[in-house]
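Nothing here was measured: the structure is a model prediction, and the numbers come from that model. Residue indices begin at 1 and follow the sequence shown.
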Amino acid sequence: MPKSRKRRTTRRRAKPGARGRGGFFHIQVRPKRDFVSFRNQDVGARGGIERVAGRRANGSWDTQKWLIGKSEAHRAGKRLAPDTAAARKVLAQLGSPPRHLGGDRFIAKPRRKIPASEKPTPAMRRAQLANIKRAQAALRKRRRARA
């Protein structure tokens, strides 16, 4: 009969947000495996909302997950409820309401990609008109300064 081997009980490192003791709620939008490197970007005030951007192998960047400070939102059952306007804006941009995975981790779908046939969208048109008006006002101001 072979000797019995002792099993090593090694403890693995917990994923960020898995234990629920951190300062942020993690809302995963795209899987981590799609990216080769990451960087955090503060959105607004420090410590409030952060965007974790991932760089793909082809060089393009996209949002991998959002980090929302615990002062900006709270858990309501299995959902995440915003407490501030900034958190409300981020949660509204997601493609689905964040679903709780465990600890401080949530998962949501990315926002919908708009096909070229639907562009320019009404928001794009409004922005274009606003930019044109701003450029025209600057030109009028420059012409008045010369005269």
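- Within 6.0 Å of atom CZ in R99, 12 or fewer heavy atoms from other residues, nucleotides or ligands are found, so the atom counts as exposed in its surroundings.
- In this structure the side chain of E50 never reaches within 4.5 angstrom of the side chain of Q41, judged on heavy atoms.
- Each of Q28, R111, R51 was evaluated against T63; a single residue qualifies, R51, per the side-chain hydrogen bond (donor to acceptor under 3.5 Å, both in side chains) test.
- Residues forming a side chain to side chain contact (heavy atoms under 4.5 Å, CB included) with N58 (at least two apart in sequence, or on another chain): R56, S60.
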Give every donor-acceptor pair under 3.5 Å between a side-chain atom in residues 84-98 and any protein atom, sequence neighbours left out.
from : atom 1 : to   : atom 2 : distance (Å)
T84  : OG1    : E72  : OE1    : 2.7
T84  : OG1    : A87  : N      : 3.3
S96  : OG     : K109 : N      : 3.0

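- For the side-chain hydrogen bond (donor to acceptor under 3.5 Å, both in side chains) test with D104, the passing option among K70, R75, H26, R19 is K70; the others fail.
- Closest heavy-atom contact between P31 and Q64: C-NE2, 4.2 Å.
- The hydrophobic clustering, which links ILVMFWY residues whose side-chain heavy atoms are closer than 4.5 Å, places V43 and V29 together.
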Considering only distance and modelled atom types, tabulate donor-acceptor pairs under 3.5 Å from the side chains of residues 135-147, sequence neighbours left out.
none

Under 3.5 Å, which donor-acceptor pairs link side chains of residues 116-127 to any protein atom two or more places apart or in another chain?
from : atom 1 : to   : atom 2 : distance (Å)
E118 : OE1    : R112 : NH2    : 3.2
T121 : OG1    : M124 : N      : 3.2
R125 : NH2    : P120 : O      : 3.2

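- Annotation for F38: hydrophobic cluster partners, listed by chain and number, are F24, F35, V52, L67 (ILVMFWY side-chain heavy atoms under 4.5 Å, direct or chained).
- Among residues two or more places apart in sequence or in another chain, the ring pair (Phe, Tyr, Trp, His ring centres under 6.0 Å) test is passed with F106 by F25, H100.
- Here the side chains of I27 and K65 are not in contact, with every heavy-atom distance at 4.5 Å or above.
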